[in-house]
K.L.:
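Sharing a structure, written as structure tokens. Questions coming.
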Amino acid sequence: MSPMPPSLFLALEKFPDSSEAHLWADYVELRCLTDLDLMIAKSDIQAYVQKRKDLQKGLGDYASDDDIESERENGMYAEDIKRAARAEDLFKHLEYRAAVFDNFYPFALSRDGDILRRRRRVTSKHKLYVFFLLCSNSRHIINRQHRNMFTDTFEIASMVALKRYLPKGAEVHLFGTNSFNKGRYSGQLLKKCKCLATDLGERFVGKASEFPPNDYGDNGLDVVGWMPFGDNTKGFLLVFGQCACSGEEWPKKQHSSSASHWRNAVTFTAPPCNMAFIPFFYRRNAGEWHMERKIDETVLIDRLRLVKLLRSSYKTLKELPYGLINKAISQRNSLI
Amino acid sequence: MNKMQPMAEPKATEFVSIENLRFDPENPRLPSSVDGHKEPEVLKWMLEDATIPELMAAIGEQGYFGGEPLLVVQANKKKAGVFRVIEGNRRLAAVKLLKDPKLASTRQKTVQQISDNAKRKPDKLPVLVFGERDDILFYLGYRHVTGIKEWGPLAKARYLEQIAQKTKGSHSKKKFQEMARTIGSKWDHVAKLLTGFAIYKQMEESNFFEIENLDEETIDFSILTTALGYDNIVAHLGLKNATDPSIEDISSTRLKELTSWLFEKDENGQTKLGESRNLKNLNRIVANEAALKAFKTGYSIHQADLLAGAPKEIFQTAIRESKKSLETARDHMHLVEAPDQSDADVLEDIDKLARLLREWIHNKIV
């Protein structure tokens, strides 16, 4: 395979590492977003499956043991039917996205559901969707600085979403190590933690040795929000959240902002509610969580919840990297 | 033709100008909504559903491989020199588009780019001329069922139906075995595909039970044939097995019901089945009275499946996964320098839960 010209923004040669349908649906959308004719057909997906051994392996994982057994028994004839069924599932997943994202969805399916087409005119609502799509797939973004831009601004989008979720009057701040964070909780970790403890009316209980002066990290906390009573007493609704743009990593990271993790730094009169913000569409076709058992004592805010929360305030998100989003939208890849 | 016959000897390979080559209107790959006599319609369908651009790029780069002639018959007995391509319709489409990219009514930019970059654009293609379409028909199956570019499941079923009609005798294992040998598959799979096609035709005759937006174009035949791999679903339809295409005993009420579960979409474009892998849940549901009743009254497939005895499965999976997770923790504990009190609290909770579950099992067993 020839190397990508440096002017390109996205490199899409690599298929998703996993066979999970929501990751594949993202990949199909990215191919469609940048296709020369702004379209991708179900038959293209079946052709990928047929040609690429790595993809066949992925779909083997996706298949149940029964499926694999039946393929062994019936040879290629049966395999082909399974492949068609899997491509069908993938396009059904896209159909669900088209329905729930409505006018934020920059793609449309043909009447027979066999072709995904990108809308020619990409509106600012569509760009919000493309933003989350790119945050979820930053591994395809060639330039590292560009990748960082998406992960940093994703924290801002998450902060605004949290603001929309909490009642009016709630305090919401960035806590993460982020090039955009010039706010109340920026700089040295020790200073940030002490400031947060004071704001919450709690005490900082961390060991100084564990918060060295050269630590400018965030201890796994990216956004924080609370709903004060205004009576100068402690104990109120408190949300600790972390943002994760890596599909594989987020379940492991989801406790980095939990009370059990933070209890070593700050006292809690009442434990914070733990939230994880992910740009992925972590759903199955009918809207249920993709894998509920991976969500552990966490309020998960995925792409669908984010778009719902930001439905009326997406225009205020001036920090989103619109220049880079436009680059992705104007890139054209040949199908071949 | 009354029985399986070897391919009749064709005339020697000759080269024919692509203008004198026509698509086969009876190509099993074409859905009935596409008029096979109209070249623009065939080309549009091919471009959207038959991955033509890749083939164009390959021919444009390497040229047309002379060792693979198109298999053709004379298009019109009265007009010599014009042929209908029975085998090689994709290749014909690719070459026509390479030569004249303006023929593309979809994927125009892709087609134009490939044509612009092509090193070779053949004007003539090698063909083998046969007397009758039937002379080539049996060979077609072998090529497209086991060949490089396979037909989709519905095209295969349509082809098998054509073959079955031309093969002597009523449906029997022997007949299916004979057909299976031709296409390099197994007899029961041939029978299952024909059964699926018979059911599909019954759906079609019933106008797809008036389900909104369900027709030949939107239906997914692969889901139907996959469903026939599940014994309880087959029995639920009133069939003894999935290998009898006569489908004499099929219950039309239940077929209507199954069609609705598999294909009728709600406002979010989702069917009651959801993903194809949920067929195994449906297979459990239809065999369980309580689960089936619940499913019919609006329970989701997963909710209804719980009533079909799946809780035991969930319970067993959950405790085995917990054990696995604890083993991972044990294997990593030597690497953890400073475990804290919160970890001890979690382990205490695990201990309490494990005791509770063990006590419950003990009481059940005793």
Side-chain angles (χ1 to χ4, degrees), chain A residues 21 35-39 41-44 46-47 50-51 62-64 66-67 70 73-78 80-89 91-100 109-115 210 258-261 263-264 284-288 293 332 334-336, chain B residues 47-51 53-54 56-57 106-111 113-114 145-146 148-153 156 183-186 188-190 192-193 213 215 217-218 220-223 225-226 229-230 265-271 274-277 280 300-302 318 321 340-343 345-346:
Chain A
D35 179 73
L36 205 54
D37 290 296
L38 303 179
M39 65 184 273
K42 206 183 276 176
S43 57
D44 298 324
Q46 279 171 257
Q50 196 170 14
K51 269 193 306 189
Y62 176 71
S64 68
D66 298 348
D67 290 342
S70 115
E73 280 173 12
N74 293 310
M76 282 180 74
Y77 210 108
D80 187 40
I81 287 179
K82 300 289 177 196
R83 273 201 300 268
R86 282 164 208 157
E88 186 67 27
D89 279 346
F91 270 69
K92 264 191 200 145
H93 183 100
L94 294 169
E95 202 170 334
Y96 176 69
R97 289 185 180 196
V100 292
L109 280 149
S110 59
R111 185 191 162 273
D112 60 8
D114 283 353
I115 298 166
E210 289 180 6
S258 68
S260 60
H261 182 73
R263 210 165 261 137
N264 296 320
R284 285 176 182 268
N285 293 6
E288 69 268 37
R293 68 179 171 81
R332 289 290 171 271
S334 170
L335 185 72
I336 308 302
Chain B
L47 272 168
E48 288 178 348
D49 290 87
T51 55
E54 292 186 7
M56 285 178 67
T106 183
R107 287 202 155 135
Q108 285 129 327
K109 288 182 183 166
T110 302
V111 169
Q113 190 191 55
I114 296 171
V145 173
T146 57
I148 294 163
K149 174 61 194 173
E150 294 182 30
W151 285 330
K156 281 177 182 169
I183 60 166
S185 183
K186 290 197 164 193
D188 55 341
H189 202 67
V190 166
K192 203 163 84 177
L193 222 13
N213 286 326
D215 53 35
E217 272 188 48
T218 56
D220 174 24
F221 183 67
S222 63
I223 298 285
T225 39
T226 309
Y230 292 90
K265 291 175 178 173
D266 63 16
E267 67 277 10
N268 287 331
Q270 294 310 303
T271 60
E275 297 165 324
S276 59
R277 62 173 127 183
K280 58 175 177 289
S300 76
I301 195 153
H302 295 293
E321 277 180 2
D340 55 44
Q341 186 52 42
S342 67
D343 298 331
D345 294 345
V346 174

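Chain identifiers are assigned alphabetically (A, B, ...) following the order of the sequence lines, protein sequences preceding nucleic acid strands; residue numbering begins at 1 within each chain.
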K.L.:
First locate atom OG1 of B:Thr110, then atom CE of A:Met39, and finally report the distance between them rounded to the nearest 0.5 Å.
P.N.:
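Nearest 0.5 Å value for the OG1-CE distance: 8.0 Å.
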K.L.:
Which bit of B:Ser342 is near chain A, if near means a heavy-atom gap under 4.5 Å: side chain, backbone, both or neither?
P.N.:
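Just the side chain, heavy atoms under 4.5 Å.
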K.L.:
With a 4.5 Å cut-off on side-chain heavy atoms, are B:Asp340 and A:Arg263 touching?
P.N.:
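Of all side-chain heavy-atom pairs linking B:Asp340 with A:Arg263, none is under 4.5 Å.
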K.L.:
Just verifying a value: how many Å separate B:Glu275 CD and A:Asp89 CG, rounded to the nearest 0.5 Å?
P.N.:
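Between B:Glu275 CD and A:Asp89 CG, I get 5.5 Å after rounding to 0.5 Å.
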K.L.:
Show the numbers, then the answer: is there a side-chain contact (heavy atoms from CB on, under 4.5 Å) between B:Lys109 and A:Arg332?
P.N.:
CA-CA 11 Å; B:Lys109 288 182 183 166; A:Arg332 289 290 171 271; 5.7 Å; no
K.L.:
Identify which part of A:Arg111 has an atom lying under 4.5 Å from any heavy atom of chain B, answering side chain, backbone, both or neither.
P.N.:
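Backbone plus side chain of A:Arg111, per the 4.5 Å heavy-atom cut-off to chain B.
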K.L.:
Rounded to the nearest 0.5 Å, how far apart are CG of A:Asn285 and OG1 of B:Thr271?
P.N.:
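With rounding to 0.5 Å, CG (A:Asn285) is 8.0 Å from OG1 (B:Thr271).
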K.L.:
Report which part of B:Asp345 has an atom under 4.5 Å of a heavy atom belonging to chain A: side chain, backbone, both, or neither.
P.N.:
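Neither the backbone nor the side chain of B:Asp345 comes within 4.5 Å of chain A.
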K.L.:
Please test A:Asp114 against B:Glu217 for side-chain contact (heavy atoms from CB on, under 4.5 Å), starting from the C-alpha separation and ending with a verdict.
P.N.:
CA-CA 9 Å; A:Asp114 283 353; B:Glu217 272 188 48; over 6 Å; no
K.L.:
Go through the atoms of B:Ser300 and report whether side chain, backbone, both or neither lie under 4.5 Å from a heavy atom of chain A.
P.N.:
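Contact with chain A involves no heavy atom of B:Ser300 at all.
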K.L.:
Are the charged groups of B:Arg107 and A:Asp44 less than 4.0 angstrom apart, N to O?
P.N.:
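Judged by the 4.0 Å cut-off on N to carboxylate O distance, B:Arg107 and A:Asp44 do form a salt bridge.
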K.L.:
Which bit of B:Glu321 is near chain A, if near means a heavy-atom gap under 4.5 Å: side chain, backbone, both or neither?
P.N.:
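Side chain only.
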K.L.:
Measuring heavy-atom distances to chain B, does A:Lys42 have an atom under 4.5 Å in its side chain, in its backbone, in both, or in neither?
P.N.:
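For A:Lys42, no heavy atom lies under 4.5 Å from chain B.
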K.L.:
Check A:Lys92 against B:Gln270 and note the closest heavy-atom contact, atom names and distance.
P.N.:
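Here A:Lys92 and B:Gln270 meet closest at O-NE2, 3.1 Å.
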